Colleague: 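The structure is given below, and queries will be raised subsequently.
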Amino acid sequence: MPQHADRTALPAFRTEGLTKTYGTGAAAVHALRGVDLDLPAGELVVLLGPSGSGKSTLLNILGGLDRASSGVAHFRDLELTAMSDRALTRYRRAHIGFVFQFYNLMPSLTAEENVELVTEISETPMDPAHALDLVGLGSRRHHFPAQLSGGEQQRVAIARAIAKQPDVLFCDEPTGALDSATGRAVLSVLRDVNDRLGTTILMVTHAAATAAMAHRVIHFADGAIRDTELNASRLSPEEIEW
Amino acid sequence: MVSPAHLLSPLDRKLLRDLWRIKGQAAAIATVIGLGVLMLVMMTGLVNTLDETRAAYYDRYRLADVFAPVERASDRMLERLAEIPGVRAVEGRVTGQALIDVEGEIIPVRARAVSLPASGAARLNDIFLAAGRMPGPGRDEEVLLLKGFADARGLRPGDRLSATMNGARHSFRVTGLAQSPEFLYTTAPGEIVPDDARFAVIWMNREGLGAAYDLEGAFNEALIALETGANEAAVIDAVDRILKPRGGLGAFGLVDLPSNFFISEEIRGGRKNAVFVPPIFLGVSAFLLYIVVNRIVQAEREEIGLLKAFGYSDTEVSVHYLKLMLTIALVGAAAGALGGIAAGRAMAGLYQEYYKFPFLVFELDPKSFVTGFATSVIAACAGGFGVLRGVFRLAPAEAMRPPAPADFSGTGRMGALARRLLDQPGRMVLRRLERQPGRMFGAAIGIAAGMALSVGMIGVQAGFARAIELSFTVLDRSDAQVTFTHAMSDKVIYELGRVPGILEVEPIRVAPVVFRHDFHEHRGAINGQSAEARLARAMDSEQRPLSLPEEGMVLSSTLAGILDAAPGDRITAEIREGRRPVLEIPVVAVADALMGSPAYMDIDALDRALKEPGRVSGAYLRIDSDQAGNIFRAVRDMPGVAGIALKADMRESIQTMMDSGMGAMRFIMLGIAGIVTFGIVYNAARIAYAERARDLASLRVIGFSRAEAAFVLLGELGLIALIALPLGAAGGFGMAALISAAFSTEVYSIPLMFDAQSVATAAVAVLVAAAVSGWLVKRDLDRIELVSALKTRE
Ligand SMILES: Nc1ncnc2c1ncn2[C@@H]1O[C@H](COP(=O)(O)OP(=O)(O)OP(=O)(O)O)[C@@H](O)[C@H]1O
Ligand SMILES: [Mg+2]
């Protein structure tokens, strides 16, 4: 169980000079241009920034889905940037939950089975049905992704991510496709997970107002952190102006 | 949700649903791989069964190992033969030539009369009584008739039979029909083609037959069984020495028994076929399996990335896809194996009838199962793991993204030209070819392999037809062939020439001979023919007549192959009749003969070598068919004529042999080749559809018509098929060569037919298969639900 300790004392992620370059030569895209980051465990962090600024790229590297071009990234005492593929797989399996920008559900599995896909290999799984209840889709358990709306697919993806009760949850625009009511519901699930389980959450969003519920807001621009602010007082999701 | 589903892990449920989703395609590829395995299991099982059955038949009915014909030897000689080291059992019997009158035939049918032991079953060369009963003791007018002949002529137990033996006419009653391992195939002396209807065997009591041939208390053929491991050649030498003073005609081993020669060639041909042809089919199937599994796994790239993102290890992901690949491969292989057993059994049953085995020893080849399954599994795994390794190399983040849009920088000029000439859908077709040349080329190669198989099999059908056509209209232009009872003065040629209706006569002198060259040995005959023959001709591979020189011998290519001889080599020829000279003859040329494995010499040169000038043993005739009846009557009444055979009958017999014996396999193989070819094309269509469904739905959404969307898909398929055609034709050449060689035996050889017509037929088949497959996927395309197709990959 992730312990709910003094969050400033235990850094979850620490990076130094993290860069990521796609392609080479004239066609090279510098997605990250030197990211220095220190994230304490247990925080709910919101990442804001314009499209193409490198938010997803950062999440992918911290989540062990991609490799940095240079720089160092640590999770607790693990040096992610030095780990083998096998070790990264173990890391993702043991610690990380994802909500992807493009949902990424298995088309041939039902909502519940998509969740089970993750709880199956987790050591601290939630009941998949319960996870779906949390996102308000208990009654749609046996539907296939093709039978769900975009927002519903997004919620299945969230249920899938929280069902393994990970130490860290990466959410790439989890509410992008949702109306305000469901968006709020999803956010309160995330907030709840963060509060009750102490799960560190790193959430990318375009809805700037969402930042009000975070412990920490990181402004991202052009592949680097432009500035970081700490919220002295946080709003509950219900209070957020959509 | 049914409860058993809950016992399965979500991944296994995904597996089942994925299989269900691609069921049409999975079934098509399982069918193709299954047919490859089926061919292998069936062919090897069939050949093993025939081989084992023959061996068991020979064994159970105690077929002799050595046959020793002699003019006349008293029964006491048998004891001396039995004393030869290595001899296990000896039996003497009486056998003789007979002529049987058959209703509707002007010329009596030649027959062999064989004695039955006075009491009890024969110790050697026993017979199987298929119908009726044995002749009663002392009932010399009762005979058994060879079942094959009786069936061909509609004779039954109880029928009467009149026969001429040793110049005297006898009237017999058929008491039963018999089969014998000695007479699986019957060939009239001097003819090369076995024919049930034109040669009979009758069995009768020893005393009666002995009396008919003046052989009371004597035998004129000794049957000898060898101990295991005995030296057959040494025994034959010893037998010849002992029987020489009694007029020994030369003992010979089982290999030289005509019936055994034919059945052995059939089985040998079948075995060669089983070694070469099924692996070709299996190889093509395996290649397809490889390609399709490759593409199926490629299509799962995003899912693989996702599983990796969740923390599934490479091994876990591999196992999941391994199950998918193995399910298809193993279901296909298992169905193929079962089908192969069933087909092998069914075919063996048909062959049992054709080869006249009284029973069948069904024997599969365990190796064929191992090979079939291993090939399927390896092909599937190679196809799957190749992709998986590639995907595992990618970071999960990258794998989860759809493959990056292609880089067009390299195709600028071609693209610009295409842009001007083609409409949008046309450009989409070409663009895909540019973008994923590997995939398109792989699909084209797959179709080409299927087409090559069809080209090869169609070519082989044409090869069989060509073999007959060439043999009976080009090489041999005669209408009939007369055989004499023994070598006669060539005056008979002039007499034949005077018969009204006989338009042309050409002499032939056939001398039985053992050829030797290096370590190679072959028992056959030298055909002495006119140097500039007009009817039965030796021809080179371009069908140019070869004139026979004064010196030397022309070998058929089959014989040259057996003896490993080429023009310039000297062949030892031991003549096995008359004075039995041993000759050293140079090979001067190689001829393309398609029936048998003859050697040709100038008839005068042969007669000189035999020191029997002016002798002929038969004649080729060209006749006026309107006068056939009169000609037959005239020929029948000429002294020394053993028989006359019409080319048309011989042609029919060889056709029967090709169509009912091992050659019949070509029809089954053609059918399988057709299905495999279709399966491959259909798979290509399904893959193209699966990979394009979302694009096509997008096209429809943005306003393209059904026809335009279909054009993108069918255009792609058509393009692949067109690319495949020349490749398939080229591959077909190799296949045709391999397969026709595999079908060739010493009885007949199948020329390589790689003609425009075979290629065109196969090409049309591929295009039709593409059209049908296209139509099948177009139906799916028309039914596609735009919204759900856009939502999910499928
Ligand atoms: N595989 C790739 N190859 C080349 N460039 C890439 C690749 N993936 C991302 N990029 C580029 O890297 C930059 C950062 O991309 P990233 O997806 O991190 O942006 P983002 O901040 O998540 O944007 P958005 O808010 O639109 O999702 C972009 O310019 C993008 O085009
Ligand atoms: Mg993004």
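Note that the structure is predicted; figures quoted are calculated from it, not measured. Chain letters run A, B, ... following the sequence lines, proteins first, then strands; residues in each count from 1.
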Colleague: Between B:Asp314 and B:Lys308, is there a side-chain N and carboxylate O pair less than 4.0 Å apart?
Modeller: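 Result for this pair is yes, salt bridge flagged.
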Colleague: If you count heavy-atom pairs under 4.5 Å between each of A:Val115, A:Asn114, A:Ile121 and chain B, which one has the most?
Modeller: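 The answer is A:Ile121.
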Colleague: With a 4.5 angstrom heavy-atom cut-off, is it the side chain or the backbone of A:Tyr22 that approaches chain B, or both, or neither?
Modeller: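 For A:Tyr22, the contact with chain B is made by the side chain alone.
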Colleague: For ring pair (Phe, Tyr, Trp, His ring centres under 6.0 Å), just list the numbers for A:His95 and A:Phe75, CA-CA rounded to whole Å, side-chain angles, deciding distance to a tenth of an Å, and then say yes or no.
Modeller: CA-CA 10 Å; A:His95 304 289; A:Phe75 169 73; 5.1 Å; yes
Colleague: Does B:Asp780 come within less than 4.0 Å of B:Arg686, counting only side-chain N to carboxylate O?
Modeller: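 The answer is yes: the pair qualifies as a salt bridge.
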Colleague: In terms of heavy-atom pairs under 4.5 Å with chain A, which of B:Ala395, B:Ser313, B:Pro396 leads?
Modeller: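 Most pairs with chain A among the choices: B:Pro396.
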Colleague: By a 4.5 Å heavy-atom criterion (distance strictly below it), what part of A:Tyr91 contacts chain B: side chain, backbone, both, or neither?
Modeller: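 Answer is neither: A:Tyr91 stays 4.5 Å or more from chain B.
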Colleague: Is a salt bridge present between A:Lys55 and A:Asp172, judged by a nitrogen-to-oxygen distance below 4.0 Å?
Modeller: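 No.
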Colleague: Salt-bridge test for B:Glu316 and A:Arg93: reply yes if a basic N is under 4.0 Å from a carboxylate O, no otherwise.
Modeller: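 Salt bridge between B:Glu316 and A:Arg93, a charged N being under 4.0 Å from a carboxylate O: yes.
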Colleague: Please flag which part of B:Leu11 lies under 4.5 Å from any non-hydrogen atom of chain A: side chain, backbone, both or neither.
Modeller: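 Contact with chain A is through both the backbone and side chain of B:Leu11.
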Colleague: Could you tell me whether A:Glu116 and B:Arg13 have a side-chain N and a carboxylate O separated by less than 4.0 Å?
Modeller: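 Counted as a salt bridge, because a side-chain N and a carboxylate O are separated by less than 4.0 Å.
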Colleague: Taking only Lys NZ, Arg NE, NH1 and NH2, and the carboxylate oxygens of Asp or Glu, determine whether A:Arg67 and A:Asp85 approach each other closer than 4.0 Å.
Modeller: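 Counted as a salt bridge, because a side-chain N and a carboxylate O are separated by less than 4.0 Å.
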Colleague: Go through the atoms of A:Arg160 and report whether side chain, backbone, both or neither lie under 4.5 Å from a heavy atom of chain B.
Modeller: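 Interface part for A:Arg160: side chain.
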Colleague: So what's closer than 4.5 Å to chain A heavy atoms on B:Phe392: side chain, backbone, both or neither?
Modeller: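 Contact with chain A: backbone only.
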Colleague: Out of B:Leu16, B:Thr315, B:Leu394, B:Leu307, return the one with the most heavy atom pairs under 4.5 angstrom to chain A.
Modeller: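 Greatest number of close heavy-atom pairs with chain A: B:Leu307.
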Colleague: Please flag which part of A:Asn60 lies under 4.5 Å from any non-hydrogen atom of chain B: side chain, backbone, both or neither.
Modeller: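 Contact with chain B: side chain only.
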